[in-house]
Amino acid sequence: MILAAAAGDVVGSVYEGSPIKTTDFPLVNDKAFFTDDTVLTMATAEAILEGQDYENAYRGFARAYPNAGYGGNFRRWFASGSMGPYNSFGNGSAMRVSPVGWAFESADEVLRQAEQSAACTHNHPEGVRGAQATALAVFLARMGASKEEIAAELHRRFGYDLDRGVDDIRPGYGFDVTCQGSVPEAVISFLEGEDLEDTVRLAVSLGGDSDTQACIAAGIAQAFFQETPRELELHVREKLTDELLRVNDEFCRRFLAA
């Protein structure tokens with residue numbers, strides 16, 4: 001379930017500062033590590049499990065893992081007890097939202113919860129749209145929608161141009177941490193991927209914000225394909241702390257059982 005998003009993050013972590021433009025790379029790398037993408041994804045899951053505000057969960061998890069690679073504005077936000085949202089349209093709102101797509105039972109509620117998860121920090125319209133598009137894609141995928149249906153709905157609601165291929169994007173694409181400049185490309189990696197592993201490889205191969213785009217793409221792919229390669233799952237479990245694994249496993253028990 002949400003461990004797949006962490007898997008995308010871990011695989012992509014090696015290439016965030018050293019972008020590559022190929023899908024031919026080792027999926028399992030001893031140098032890989034989890035980043036803020038994983039920490040805040042698990043924070044979203046914990047907020048849902050415990051019925052607490054997303055804001056409190058994000059601050060609490062970030063303070064528990066202060067060196068996970070947060071952006072400067074988010075770092076100032078979680079260090080403060082009173083700082084409000086800072087009008088960000090960064091892809092941090094999208095990287096952490098996949099649990100919302102698993103936990104709620106209607107598109108309207110998924111969109112509402114995704115907005116709430118984003119707005120405590122990323123209250124710019126594009127920041128909210130990026131979170132909503134990602135969560136809705138996860139929701140539609142787990143409800144059995146086809147890739148064509150998912151693409152059409154995201155285009156209808158958010159205007160994302162998804163009629164491109166990874167091979168078209170890759171040559172001129174660079175590091176972009178905005179929702180509007182990275183979420184559609186992550187979704188395209190899912191749309192083109194043949195399975196979860198292929199999706200992660202495609203997202204990393206864009207040569208952009210590799211850990212975040214792979215996290216977003218993998219979260220959608222897991223909901224669609226319903227399978228994570230065993231080798232990759234074991235690799236990610238070795239990288240995560242007991243507390244992060246606890247949240248993942250409790251979330252899976254709660255929502256897979258449902």
Side-chain angles (χ1 to χ4, degrees), residues 5 8-9 11-23 35-38 40-41 44 69-75 77 85-98 100-101 111 114-115 117-138 147 150-193 199-221:
D9 174 39
V11 172
S13 66
V14 182
Y15 305 102
E16 183 179 16
S18 304
I20 57 173
K21 296 284 186 176
T22 177
T23 58
T35 77
D36 55 337
D37 302 57
T38 294
L40 297 179
T41 295
T44 299
Y70 308 98
N73 284 332
F74 185 84
R75 180 174 292 280
W77 178 83
Y86 43 89
N87 201 38
S88 175
F89 48 80
N91 55 21
S93 61
M95 75 187 189
R96 67 198 189 198
V97 78
S98 62
V100 168
L111 292 169
E115 180 177 9
S117 77
C120 56
T121 53
H122 294 57
N123 58 326
H124 187 282
E126 291 292 348
V128 172
R129 279 154 49 91
Q132 288 182 318
T134 302
L136 184 63
V138 171
K147 288 186 176 183
I150 294 169
E153 188 66 6
L154 296 190
H155 176 72
R156 183 182 73 83
R157 287 182 180 269
F158 306 107
Y160 285 167
D161 177 9
L162 303 175
D163 291 330
R164 299 169 287 157
V166 172
D167 286 344
D168 300 320
I169 299 165
R170 188 186 292 118
Y173 191 71
F175 191 80
D176 190 330
V177 299
T178 68
C179 276
Q180 58 270 37
S182 64
V183 173
E185 290 74 14
V187 173
I188 288 168
S189 298
F190 152 69
L191 293 172
E192 197 167 309
T199 296
V200 169
R201 290 185 180 279
L202 288 168
V204 171
S205 80
L206 290 169
D209 187 5
S210 57
D211 58 336
T212 295
Q213 288 182 289
C215 175
I216 293 167
I220 304 168

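All residue numbers refer to positions in the sequence shown, counting from 1.
- Using a distance-only test at 3.5 Å, with no hydrogens or angles considered, a donor-acceptor pair links the side chain of Gln132 to the main chain of Leu111.
- In this structure, Leu40 CG and Phe74 CZ are separated by 4.5 Å, a value rounded to the nearest 0.5 Å.
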Derivation of the side chain to side chain contact (heavy atoms under 4.5 Å, CB included) call for Val177 and Thr212: CA-CA 8 Å; Val177 299; Thr212 295; over 6 Å; no
Side chain to side chain contact (heavy atoms under 4.5 Å, CB included) evaluation trace for Thr38 with Cys215: CA-CA 8 Å; Thr38 294; Cys215 175; 6.0 Å; no
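- A distance of 12.5 Å separates CZ in Arg129 from CZ in Phe89, rounded to the nearest 0.5 Å.
- Two residues are said to be in side-chain contact when any heavy atoms from C-beta on lie closer than 4.5 Å; Phe190 and Leu202 fail this criterion.
- Between the Asp9 side chain and the Thr35 main chain, a donor and an acceptor come within less than 3.5 Å of each other.
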Trace of the side chain to side chain contact (heavy atoms under 4.5 Å, CB included) decision for Val183 with Ile216: CA-CA 8 Å; Val183 173; Ile216 293 167; 4.3 Å; yes
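- The distance from the CD atom of Gln180 to the CG atom of Asp161 is 14.0 Å, given to the nearest 0.5 Å.
- Between Ala119 and Asn123, the shortest heavy-atom distance links the atoms O-CB, 3.6 Å.
- Arg96 and Thr121 are linked by a side-chain donor-acceptor pair at a separation below 3.5 angstrom, with hydrogens and angles left out of the test.
- A distance of 5.0 Å separates CG in Leu162 from CD1 in Ile188, rounded to the nearest 0.5 Å.
- For Ser117 against Cys120, the heavy-atom pair with the smallest separation is O-SG, 3.6 Å.
- Note: Ile150 CD1 to His155 NE2 = 16.0 Å, rounded to the nearest 0.5 Å.
- Take Asp163 and apply the salt bridge (charged side-chain N to carboxylate O under 4.0 Å, His left out) test, not counting sequence neighbours, and it matches no residue.
- In this structure, Ser210 contributes its side chain and Glu16 its backbone to a donor-acceptor pair below 3.5 Å.
- Looking at His122, its side chain never comes within 3.5 Å of a backbone N or O of Ser88 through a donor-acceptor pair.
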Intermediate values then yes/no, salt bridge (Lys or Arg N to Asp or Glu O under 4.0 Å), Lys147 and Glu192: CA-CA 9 Å; Lys147 288 186 176 183; Glu192 197 167 309; over 6 Å; no
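- Counting only N and O atoms by type, the side chains of Ser182 and Asp209 include no donor and acceptor under 3.5 Å apart.
- Residues Ile220 and Val187 meet the side-chain proximity criterion, which asks for heavy atoms closer than 4.5 Å.
- Of all the heavy atoms in Asp176 and Gly181, the pair that sits closest is OD2-CA, 3.4 Å.
- The shortest distance between side-chain heavy atoms of Thr22 and Ser205 does not fall below 4.5 Å.
- Atoms CZ and CG, from Arg157 and Leu154 in turn, are 9.0 Å apart once rounded to the nearest 0.5 Å.
- The heavy-atom pair separating Val138 from Ser98 by the smallest distance is CG1-O, 3.8 Å.
- Under a 3.5 Å cut-off, the side chain of Ser189 and the backbone N or O of Val166 do not form any donor-acceptor pair.
- Summarising the geometry of Arg170 relative to Asp167, their closest heavy-atom pair is NH1-OD1, 2.8 Å, with the distance given to 0.1 Å.
- What you find for Ala118 and Gly127 is that their closest heavy atoms are CB-O, 4.1 Å.
- There is a side-chain donor-acceptor pair under 3.5 Å between Tyr173 and Gln213.
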